[in-house]
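Both ligands and their constituent atoms are indexed starting at 1 by order of listing. These numbers come from the heavy atoms of this one structure, side chains and all, not from hydrogens, waters or symmetry mates.
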Amino acid sequence: MRRPMVAGNWKMHGSEAANTALLTELDLRLRVEWPIDVAVFPPFVYLADIARRLRDSTIEVGAQNVCAEAGGAFTGEVAAAMLKDVGCALVIVGHSERRRWYHEDDALVARKFAAALGAGLTPVLCIGETLEEREADKTEAVVARQLDAVLATNGTAPFAHAIVAYEPVWAIGTGRNASPAQAQAVHAFVRRRIAEQNANIAGQTRILYGGSVKAANAAELFAMPDIDGGLVGGASLGAEEFNEICAAAAVRH
Ligand code: PEP
């Protein structure tokens with residue numbers, strides 16, 4: 001059975017004071033016996049401190065991005081080994097905001113995925129279509145292209161532990177989530193795509209849904225057979241709401 005996961009992408013939000021308040025509150029609410037993995041993805045500058053603070057907690061820490069290069073003259077970038085060094089366990093690659101605003105293409109995302117693996121980090125590979133692409137009936141073609149780029153250069157084996165996050169772009173930060181049936185259809189497609197190469201590994205791949213997940217819709221989304229939890233943006237910034245989402249994932253187990 002795939003262990004459910006709830007991952008909180010804080011995006012470019014937070015401050016020393018706000019982070020402390022959020023994590024303290026979360027620590028009080030989250031139940032350690034819940035059979036789920038919980039991770040937070042704060043902005044780079046807070047990672048080392050938060051990873052240190054959460055060292056003995058059940059909450060894992062990840063970064064929102066990583067450089068594809070191992071190190072050297074790449075001003076402003078952060079290498080995967082550095083993330084590992086400060087206590088990160090995971091890293092998001094290919095978030096649609098990176099693809100859109102920073103022009104990251106499939107080839108670069110595949111290299112970032114490889115860099116994460118090389119440093120012993122678990123990559124969370126984000127894929128998903130825009131509204132235009134969905135309306136043009138291109139959803140499967142788009143997610144297949146995004147996934148295939150990573151499979152082609154990294155192989156199938158990493159997907160035994162690497163995580164895929166299906167995040168339809170039109171649902172991110174819009175308040176409009178994919179319906180459970182819409183999300184399930186794409187998750188099943190992604191799993192089939194991996195299964196074409198290795199059914200055993202496809203059965204182990206955790207596929208999270210992201211896009212306006214909140215306490216009010218988490219349970220129905222997580223009840224779908226191929227939705228193994230959520231990548232949560234806005235709703236991860238409030239401890240009460242995030243905790244309720246985690247509770248919904250624990251029920252899935
Ligand atoms: C995200 O940032 O990956 C995300 C899914 O955001 P939101 O939950 O706010 O739609």
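Sorted by chain and number, the residues within 4.0 Å of ligand 1 by heavy atom are Asn9, Lys11, His95, Glu167, Ala171, Ile172, Gly173, Gly210, Gly211, Ser212, Leu231, Val232, Gly233, Gly234.
Taking 4.0 Å as the cut-off between side-chain N and carboxylate O, Asp228 and Arg3 do not count as a salt-bridged pair. Residues Glu104 and Arg98 are paired through a salt bridge, judged by an N-O separation under 4.0 Å between the basic side chain and the carboxylate.
Among residue pairs with one or both ends in residues 118-133, those qualifying as side-chain hydrogen bond (donor to acceptor under 3.5 Å, both in side chains) are Glu129-Arg134, Glu129-Tyr166, Glu129-Trp170, Thr130-Glu133; sequence neighbours excluded. Counting only residues at least two apart or in different chains, side-chain hydrogen bond (donor to acceptor under 3.5 Å, both in side chains) contacts with residues 73-91 are absent. Screening residues 79-120 for ring-ring contact (aromatic ring centres under 6.0 Å, His included) gives Phe113-Phe159 as the qualifying pairs, with residues at least two apart or on separate chains.
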Query - Audit row: Asp226, Gln184, side-chain hydrogen bond (donor to acceptor under 3.5 Å, both in side chains) steps and yes/no - result: CA-CA 6 Å; Asp226 288 294; Gln184 166 59 27; 2.8 Å; yes
